[in-house]
Each structure stands twice: as C-alpha cells, then as structure tokens.
There are 2 protein chains.
Amino acid sequence: MKISKKSQYGLRGLFRLAESDEYLTMKEVAEKEEISPDYLEKIFTELEKAGFVKSKRGPSGGYALAMKPEKINLRMILESLEANLSLVECIDESCKRITDCPVAPTWKRLDQEVKSKLELITVKSIVDKNK
Amino acid sequence: MKISKKSQYGLRGLFRLAESDEYLTMKEVAEKEEISPDYLEKIFTELEKAGFVKSKRGPSGGYALAMKPEKINLRMILESLEANLSLVECIDESCKRITDCPVAPTWKRLDQEVKSKLELITVKSIVDKNK
DNA sequence: AAAAAACCGACTGTAACACTCGGTATTATG
DNA sequence: CATAATACCGAGTGTTACAGTCGGTTTTTT
C-alpha cells in the first residue's frame, strides 16, 4: 500500500513547474529535485499526455504547466501515473464474489474517502505552503 | 497504491472468525471465503503472532479470535500484514531531503488522515453491517 | 494408535517498479 | 544554414514484493 516513486517524482516535478513562470528544462527540474533525468523524462511525457504539462523543443525549450496549479489535484496526478489507483481491485474489476462479499462495501467507502482527501491536495496548495 | 490480497484475505478471515463462537478450522474459513487454504494458513500464522487470533491443534481444533472484534481495527491488521503501511517511505525512513522537501509535510498529513480512517473500521463494524 | 488439525520452512512464477540507454525529431540561435 | 540544445521514443534490465505451492512435522483429540 504505497504511492510509487513515479507519482512522488511527478508531484515534485509539477511543483517545480508551478513555482516558475518560465519554461524549465527537464534537467533543471531533475537537479532541483535530485531525480534521475532519464526517469523524470518518462514521467513528464506521461504528464503531458494527461494534459497537465506542455513542452517546447529546442534551445530555450522545456516544460511548463498547461493548467492552473489549483486545477491539478493529487487524485488526478495519481490516476494518470499509477497503474490502478483504487485501494483494492474488487472495486473496479469484476470480482464474482462482489455481490455477497462481506467486506466489499467497506472497501468501497474507504476508497471514496481516500480519493476525496486526494482531491483536496492541489499543486497550488503545495506551492502556497512553501512560500 | 493497493492493499495486498494478503491483507484482504486476512480481514475476511477475521470476519469469519468473528461471526462464529466456536473454533473454525482454517479449511472451513478458506472454503467460505474461497481462498487457497495453504496461503490463508500463512496469513493466520501472522495474525496469531500479532495477537489477533488464537489456535488449537488436533481434531476439533482451529482458530478463533483472541480479542474482542471491536478492538481489532483495519489499521492494526494492515500494520501486521503489510510490509510497510505508510503511503510513502519518506515518512519513516530517513530521506535526507526531508527537511527541505516541499511535499513531505503534505504526505505526512495525508498519511495520518488515511490511518485515522482505517482505525474507524473494526472487525465488529463489518460483522454488524452483515446482519 | 490413528487421524485431524495446526505449524514450519523452502521454493517458484509473475508483475510492477525504478530505472538506463541509444538513438531521433525539432527548433532557437550565431 | 549549421549546430547545439532540447524534447521525444522504445527497448531493455535488475530488483523486489506479491501470491501462492508443497512436503513434511508436531500436537492433541478420540
């Protein structure tokens, strides 16, 4: 039950982009956050596909947020980077026991509660905390 | 970010024990919950070491709860069965960035909130829901 | 004595994680 | 127009936890 490094790195990367008005190169972000640039690049590619980030190639290129930082919350980030966000598979995948499983409703409620908490954490809220 | 099958099976096993006043054999529990008996046994051994369950050998032996079902909550179960319960490692393990990591406080708060939710879910509460 | 249970340790296959690397495409700048 | 800086892409790799399986041992009831 752990949030992957990938998601952790992704959040930290987004935080750095949110701090800056300019495009930042991946290398700059990687250095600030002490993350392997090669790996961070993969993550940014995914974040770009998810629409959180935009890029510019060539010299003076880099990455910048494609959305307002208050619009990007942790649930969205995790849903784009984690293989499967829900706490247990029995929620999305069709477990044939689901109708009579005594714990399924409990898992479902917990899952909702956690996701609600994740929605309250935005990139902006983290930036604001670090002023 | 997923709760392991091990923990899910463990919870379901405890639920079955809580339902019954008698000792249940592992095989009975495994059949009711459609879990591999061999695997469930390993889990029960761990639950016994954690003090949630007691066992009796020989014919008419089996397992029973060693604590009142309202005293066993999901946080306790997960902490005994999951390798490491916290959402991110940076909380327990000593990440050298922790003092200046911009997201560490956020993770820490979220982790606490989730654990509080887990404490509210007891074996008894699940039994009661299924009456 | 025999059978029914729990107990124990070693082993195995799979999949996700956390990268790494080599090369390609694009574009600002001199 | 050439070059260098950047993003882009796909394939490959080592490690670890998960999710079991299996064979045998010990205990205890009947």
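Chain naming here is simple, since letters A, B, ... match the order of the sequence lines and numbering starts at 1 in each. Keep in mind that what you see is a predicted model, and the values were worked out from it rather than measured.
Nearer the 5' end of DNA chain D, as judged by each residue's closest nucleotide, is the contact made by A:Pro59, out of A:Pro59 and A:Met1. Between B:Met26 and B:Lys42, the residue anchored nearer the 5' end of DNA chain C, judged by the nucleotide with its closest heavy atom, is B:Met26.
A donor-acceptor contact under 3.5 Å is formed by the side chain of B:Glu41 with the base of C:dC8. For A:Glu82 against C:dC17, a side-chain-to-base donor-acceptor contact under 3.5 Å is absent.
Between C:dT20 and A:Ser36, a contact under 4.0 Å exists linking OP1 or OP2 to a side-chain N or O. Under 4.0 angstrom from either OP1 or OP2 of D:dC8 there lies at least one side-chain N or O belonging to A:Ser55. The side chain of A:Ser60 contributes no N or O atom lying less than 4.0 Å from OP1 or OP2 of D:dA5. The side chain of A:Tyr9 places an N or O atom within less than 4.0 Å of a non-bridging phosphate oxygen (OP1 or OP2) of C:dC19. Residue B:Tyr63 has a polar side-chain atom (N or O) positioned under 4.0 Å from OP1 or OP2 of C:dC7.
Straight-line distance from the CD atom of A:Gln8 to the C1' atom of C:dA16: 15 Å, rounded to whole Å. Distance, B:Glu46 CD to D:dA17 P: 14 Å, rounded to whole Å. Between A:Arg57 atom CZ and D:dT3 atom C1' there is a gap of 17 Å when expressed in whole angstrom units. Summarising the geometry, the separation between CG on B:Asp38 and P on C:dA5 is reported as 15 Å, rounded to the nearest angstrom. Remark: P of C:dC17 and CG of A:Leu81 are 11 Å apart, rounded to the nearest angstrom. Taking atom NZ on A:Lys5 and atom P on D:dT15, their separation rounds to 17 Å, with Å as the unit. Between A:Leu78 atom CG and C:dC17 atom P the separation is 12 Å, expressed in whole Å. Protein atom CZ of A:Phe44 is 16 Å distant from nucleotide atom P of D:dC9, rounded to whole Å.
The residue B:Lys56 sits close only to the backbone: its heavy atoms come under 4.0 Å of sugar-phosphate atoms, none of a base. Using a 4.0 Å heavy-atom cutoff across all strands shown, A:Tyr23 reaches no nucleic acid atom at all. B:Glu48 comes within 4.0 angstrom of the backbone, heavy atoms only, and of no base.
Salt bridge present: A:Glu19 and A:Arg16 bring a charged side-chain N and a carboxylate O closer than 4.0 Å. Ion pairing between B:Lys42 and B:Asp38 fails under the 4.0 Å rule for side-chain N and carboxylate O. The residues A:Asp128 and A:Lys131 are annotated as salt-bridged, a charged nitrogen and a carboxylate oxygen being separated by less than 4.0 angstrom.
A donor-acceptor contact closer than 3.5 angstrom links the side chains of B:Ser4 and B:Glu82.
With B:Phe44 as the partner, the ring-ring contact (aromatic ring centres under 6.0 Å, His included) test is satisfied by one option alone out of B:Tyr63, B:Phe52, B:Tyr23: B:Tyr63.
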